[in-house]
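For reference, the structure discussed in these notes is given below.
If you're wondering where the values come from, they're calculated on a predicted model, not measured in any experiment.
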Amino acid sequence: MRIVAAAATDIGHVRELNEDSFLVHDPLFAIADGMGGHRGGEVASNLAVETLQKLFDHGAADLPALLQEANRAVFEKSLRDRRVAGMGTTLTAVLLEGGRLRLGHVGDSRAYLIRDGELRLLTEDHTLVHEMVARGEITEAEAEVHPHRAILTRALGVDMSVEVDEGELVVRPGDRILLCTDGLTGMIGEPRIREVLTASTDPEAAARALVGAAVDAGGVDNVTVVVLDLIEDGPTDNPHREGPTPSPDTGWHDGRSDSPAPERPKPPRPQGRALPWKRVAVWIAAAVAVVVVAVVGLRIYLDSQWYVGVSNGHVAIYRGIPASVAGFDLHRVIVESTVPADAAEELALYRDLAEGITAQDREEADAILAQIRQDVSTVPPNEPAP
Ligand code: MN
């Protein structure tokens, strides 16, 4: 069995950077969705897939171990380079070994199997809203529009080690695997994904059509997909092939249990028709609720964000994010220091100070400011940093 692979990605309509990365390195495939201010997301997702590829080329073939190494590479980079401090990424990877597809997964990107026209989710989102759904606090439909749906409970590169979900699937010719970032699943639902995926036999066309559908549906996030078709055609050229003969389909399982991925509950279909005035009132109430939740959610989010930037020509600690929307600043100055910003910007490390150096919390922001103060005082003026 072999794989015919295709990938497509799009920055979308809203984001200024594409922070998604993908890897097509037969028989290893992956997608990653990076996060973190100041190019951190781009750096994290890139480094994660690069590390996978490099170690695989050096003979490592244990997928969970590869993800651990990618985690460490991203984490260590974030410690070394404070411009990308606090960055992280999702990572969903599959490796074809004989007749088996191995999976390693962290975050809210997803892997799907399409077999006999049925779409089956193979991964679990490591998100706050997924946990709320699992606890029965909100429905699947509510989760899809929840203001905190992007908050991850697990990501690669934010700690020294990470818990990696592992899985294994006995694949057969005709199977199609989809790897996608949340820019796809956040924009179009599973019925539409299934429809687009099954409409083209060519994986290249399917990948492009999926990304196009997500961008047309709003494209508020970067969207990336990898489509893998399993084909019966000669031996695979997997250099690490261990070659266990495929046993009857044991289905997908994770490290914790042998049970197949749970079926997703379908949201109930609304029935009957309400009177027009009643429907209008319901819609207005719903719209008001959405706005209130969005404003409160934004406030909570901004209050949890910190960065170091420039205020009145001085290095300053900000709460929020270094951006403005429709004339409203999404940040405020908490501390304006006496350290001149231009002295700091002369040092290579703080060259991009004006764009903001993100910190995980107030403590880290204080530490960055203290470090800048020290670095500025130890380097003689008008001399570039080594
Ligand atoms: Mn995303």
Test item: side-chain donor near acceptor, Gln371 and Asp375, under 3.5 Å
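A pair is found: one side chain offers a donor N or O, the other an acceptor, under 3.5 Å apart.
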Do Thr224 and Thr9 pair up side chain to side chain, a donor and an acceptor below 3.5 Å, judged on atom types alone?
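Yes, side-chain donor-acceptor contact under 3.5 Å.
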For [Y], is there any backbone N or O sitting under 3.5 Å from a side-chain donor or acceptor partner on [X]?
X	Y	result
Arg373	Val339	no
Asp116	Glu118	no
His331	Val333	no
His105	Glu124	yes
Asp361	Glu364	yes
Asp10	Gly12	yes
Arg149	His146	yes
Asn222	Glu19	yes
Thr89	Asp33	yes

I would like to know whether Val43 and Arg83 meet side chain to side chain contact (heavy atoms under 4.5 Å, CB included); could you show each step before the answer?
CA-CA 10 Å; Val43 172; Arg83 284 172 303 171; over 6 Å; no
Is the shortest side-chain N to carboxylate O distance from [X] to [Y] below 4.0 Å?
X	Y	value
Arg120	Asp175	no
Asp352	Arg39	no
Glu345	Arg351	no
Asp303	Arg332	yes

Are [X] and [Y] linked, directly or through other ILVMFWY residues, by side chains that come within less than 4.5 angstrom of each other?
X	Y	result
Leu330	Val308	no
Ile321	Leu298	yes
Tyr301	Trp306	no
Val158	Val74	no
Val24	Ile177	yes

Separation between [atom1] of [X] and [atom2] of [Y], rounded to the nearest 0.5 Å:
X	Y	atom1	atom2	result
Thr92	Asp108	OG1	CG	8.5 Å
Ile188	Leu210	CD1	CG	5.5 Å
Asn71	Leu91	CG	CG	9.5 Å
Thr153	Leu128	OG1	CG	7.0 Å
Asp26	Leu95	CG	CG	9.5 Å
Arg110	Asp182	CZ	CG	8.5 Å

Flag the pair [X] / [Y] as yes when at least one side-chain heavy-atom distance between them is below 4.5 Å, and no otherwise.
X	Y	result
Leu230	Ile3	yes
Leu23	Leu28	yes
Met132	His148	no
Leu67	Leu52	yes
Leu63	Glu166	no

Evaluate the criterion side chain to side chain contact (heavy atoms under 4.5 Å, CB included) for residue pair Leu103 and Leu169; output intermediate values, then yes/no.
CA-CA 8 Å; Leu103 172 112; Leu169 179 75; over 6 Å; no
Any idea how Tyr307 and Tyr318 line up, ring-wise: parallel (<30°), tilted (30 to 60°), or perpendicular (>60°)?
parallel
